[in-house]
Amino acid sequence: MAKKVAILTGGGDCPGLNAVIRAATLKLSRAGYEMVGVRRGWRGLLDNDYVPLTKEAISGILHRGGTILGTSRTNPMKEEGGVDRLVDNVQQNDIWATIAVGGDDTLGVANKLHGEYALNMVGVPKTIDNDLSGTDYTFGFNTAVEIATENIDRLHTTAESHDRVIVVEIMGRHTGWITIMAGIAGGADVIMIPEYDLSVAEVCEIIKRRHAAGKNFSIVAASEGAKLLAKEGEEQMVTQTDEVDAFGNVRLGGVAKLLAKEIERRTGFETRSTVLGHIQRGGTPTAYDRILATRYGVKAADMVMAGEFGRMAALQGDAIVAVPLEEGVKERKLVRQEFWDLAQTFFA
Ligand code: F6P
C-alpha cells in the first residue's frame, strides 16, 4: 500500500503556497506516495477535512496566490482534547507523514507534534514577515516587498503633486523586514520599524530638515508594529482590538493614522496616511518566490522520503538545507543593524 503524506497550510496566507503544494505533491506522487491535502491548516486535521491531491488538483496553480487548501489560525494545543483528537485522526487515516507549511505558530505546533507525540512532521517556512530563524528568507516575503515598493513609488507622485507628507503603514507584526526593504528600495524619507527606536519628535525633525533643504513632500514608511510613545517613557504598538488569536497574537493597525496626525500637528505640513494591509499578501507570487517555494516543496518531499522528520526546509546562502524545526521557531529573526544603518544613511 502506498504511504500517505498530508500537506497543510497554516497561518496568514502568502503568495507561493500553491507552488509548494504543487512541487511536493508532484515529487512525492511520482515516487509512489499517496498525497492528501488538509483543509484550513490544523483545523482540517481536527475535523478530518481532506482533499485528494491529484494531478488535476495541482494543475495550473504555480502562479496563483493564496492557497488551494485554505488556511486558518487554528491552534490544536488550545482546544479541549484537541491534540489527542488530532493524533487519533492522523493514525485512523493512516497519514504516515505531514508537511506543514507555515510561520512560527504553525511550525511551533509541528515541532511539538513531532517532539511530544512522535508524529512524522516536515516543515516549510512561510511568512511575508520573514521573521523565522534558521532560514535566510521565507517565501512570500519577496512578493510583499515588491508590492510595498510599487506602492511607495505611487505615493511619491501624489505626495509631490500636493506638497504633502504621506505615512504608509506596512505589514510585519513584530519585525520591520518588509518596511525596511521596501523603504530602502522605494526611497522612503523616514522609516520606522519595531526593532529600532525613532521617536515622533525625531521623525518630525527629519521631515523638517528635508523640507528646509528644498523638498516639498516626504514619504514615511512605518511598520504596523512600530512603537509610538504612549505615555512618558512608555512606548507601545498600536492595536485594533484587545483580542488575541489562538496563538496569542494581537491584531495590529492604526499606527500610520496616529503618526500622520502627530506629524501634521508638529510640523504644520499637510499629512495623509495609507494602510497597505492585506494587499501585500494577495495576488501572484514573484518569480523569486515561485522558485524559492518550488525548491522548498521539493526539499520537503526529499525529507519525507529520507525520513528526516522534525526538520524544516531552509535557505542558507544559495543552498536549500534541512534544519531542526526547533531552530526555526526558537526566536524571531530581527532586522539586522546593518540594514538599519543603511536606511538611516538616507534620512535628511
Ligand atoms: O504574519 C503575517 C501577517 O500578515 C502580519 O504581517 C500581520 O500582522 C498579520 O499577518 C495579519 O493577520 P490577519 O490576516 O490574521 O489579520
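This one's a predicted model, so the numbers in the text were calculated from it and none came from an experiment. Just follow the structure's listing: the first ligand is 1, and inside any ligand the first atom is 1.
Closest to atom 4 (O) of ligand 1 among all protein heavy atoms lies R281 NH1, 2.7 Å. For atom 9 (C) of ligand 1, the nearest protein heavy atom (residue, atom name, distance) is R173 NH2, 3.5 Å.
The ligand atoms of ligand 1 that sit less than 4.0 angstrom from a heavy atom of G172 are 6 (O). Close approach to E224 involves these atoms of ligand 1, each under 4.0 Å from a residue heavy atom: 5 (C), 6 (O), 7 (C), 8 (O). Ligand 1 places these atoms under 4.0 Å from at least one heavy atom of R73: 9 (C), 10 (O), 11 (C), 12 (O), 13 (P), 14 (O), 15 (O). Ligand-side atoms of ligand 1 in range of H278: 13 (P), 14 (O), 16 (O), range being under 4.0 angstrom from any heavy atom.
Contact annotation for D245 and ligand 1: no heavy atom of the residue comes within less than 4.0 Å of the ligand.
In summary, the side chains of D341 and Q337 do present a donor paired with an acceptor at a separation below 3.5 Å, with no hydrogens or angles considered. No side-chain donor from either of D13 and T71 sits under 3.5 Å from a side-chain acceptor of the other.
Between D129 and ligand 1 there is a heavy-atom distance shorter than 4.0 Å. Using a non-hydrogen distance threshold of 4.0 Å, Q280 does not register as a contact of ligand 1.
No donor-acceptor distance shorter than 3.5 angstrom exists from the side chain of D129 to the backbone of D131, with no hydrogens or angles considered. A donor-acceptor pair is defined here as one N or O able to donate and one able to accept, closer than 3.5 Å; such a pair exists between the side chain of T138 and the backbone of T127. Side chain of D49 to main chain of V38: no donor-acceptor pair is present (N/O by atom type, distance under 3.5 Å, no hydrogens or angles).
The pair R266-E205 fails the salt-bridge criterion, with no side-chain N (NZ, NE, NH1 or NH2) lying under 4.0 Å from an Asp/Glu carboxylate O.
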